[in-house]
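Heads up, the thing below is written out as structure tokens.
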Amino acid sequence: TGGVQNWQEVGGLLGRCALAFLAIRIASRRNLIRIFQVPGLIITPLVFWLAPGNELWIFKWGMFFVGFMAVAQLSFWGNYLPTVYPIHLRGTGESFAANVGGRMIGTSAALLTVQLATQMPAVSDPARFAFAAGAVGLMVYVIGFTASFWLPEPKELIE
């Protein structure tokens with residue numbers, strides 16, 4: 001793997017730190033999540049689509065930024081969800097969102113990637129999977145960005 005996962009993990013850690021820093025400076029939760037969604041919408045598919053034809057160091061830096069944008073968004077939900085659920089539902093609501101959204105729906109993206117890879121007209125299997133992963137990543141970011149327009153602002157931020 002050439003240490004690519006380490007680059008992604010460090011990017012994720014720094015993305016989590018960036019979210020924490022920005023969360024106390026940006027009042028709108030919609031704007032906060034979009035700071036990570038808009039670049040991720042561009043970076044994620046490009047990294048995977050260009051990976052088969054580029055050198056390893058370019059892929060490492062790309063994965064750093066993919067991890068940065070993705071983990072920041074995952075950290076966002078852990079901070080955001082408890083503020084919008086009524087107190088008596090906070091644990092249940094956050095748990096439901098994380099388990100159904102993250103584990104059931106999110107994990108099915110792996111199946112979608114494999115199914116899509118079989119339809120890709122690439123020259124090699126690794127390239128097919130890279131192109132399919134980029135397409136699935138793009139789809140997830142488009143859905144997330146579109147859904148961000150309906151995010152309710154937590155009441156304590158509005159008042």
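- In this view, F65 and I43, W61 satisfy the side-chain contact (heavy atoms from CB on, under 4.5 Å) rule, not counting sequence neighbours.
- In terms of heavy atoms, P152 sits closest to R30 at CA-NH2, 4.2 Å.
- Following chains of ILVMFWY side-chain contacts shorter than 4.5 Å, one can reach V10 starting from F68, so the two form part of one hydrophobic cluster.
- By the rule that hydrophobic residues join a cluster once side-chain heavy atoms approach within less than 4.5 Å of another member, V71 and L14 end up as members of separate clusters.
- Residues V66 and L112 fall within the same hydrophobic cluster, defined by Ile, Leu, Val, Met, Phe, Trp and Tyr side chains chained together at heavy-atom separations under 4.5 Å.
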N/O donor-acceptor pairs under 3.5 Å from side chains in residues 135-151, not counting sequence neighbours:
residue	atom	partner	partner atom	Å
Y141	OH	Q73	NE2	3.2
T146	OG1	V142	O	2.8
S148	OG	R34	NE	2.9
S148	OG	R34	NH2	3.4
S148	OG	F145	O	2.6

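- Under the 3.5 Å distance criterion, the side-chain polar atoms of R29 are matched with a main-chain donor or acceptor of A23.
- Here the CD atom belonging to Q37 is positioned 10.0 Å from the CG atom belonging to L32, to the nearest 0.5 angstrom.
- Within the model, atoms CG of L19 and CE of M69 stand 11.5 Å from one another, a figure rounded to the nearest 0.5 Å.
- Cluster membership check: M63 shares its hydrophobic cluster with I58, using side-chain heavy-atom separations under 4.5 Å among Ile, Leu, Val, Met, Phe, Trp and Tyr.
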Would you mind writing out the side-chain donor-acceptor pairs for residues 47-55 within the sub-3.5 Å range, not counting sequence neighbours?
residue	atom	partner	partner atom	Å
W49	NE1	F131	O	3.0
N54	ND2	L50	O	2.9
E55	OE1	W57	NE1	3.2

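- Across G134 and P45, no two heavy atoms sit closer than the pair O-CB, 3.6 Å.
- Partners of A110 by side-chain contact (heavy atoms from CB on, under 4.5 Å), not counting sequence neighbours: none found.
- Nearest heavy-atom pair, T113 versus F129, reported as atom, atom and distance to 0.1 Å: CG2-O, 4.3 Å.
- F59 is not connected to L46 by any chain of hydrophobic side-chain contacts under 4.5 Å among Ile, Leu, Val, Met, Phe, Trp and Tyr, and they are in different clusters.
- For the atom pair CD1 (I35) and CD1 (I33), the distance works out to 10.0 Å, reported to the nearest 0.5 Å.
- Evaluation of the ring pair (Phe, Tyr, Trp, His ring centres under 6.0 Å) rule for F21 yields no partner, not counting sequence neighbours.
- Side-chain N or O atoms of Q119 include none that pairs as donor or acceptor with a backbone N or O of A132 at under 3.5 Å.
- Applying the side-chain hydrogen bond (donor to acceptor under 3.5 Å, both in side chains) test to residues at least two apart or on different chains, the pairs with a partner in residues 13-24 are R16-S75.
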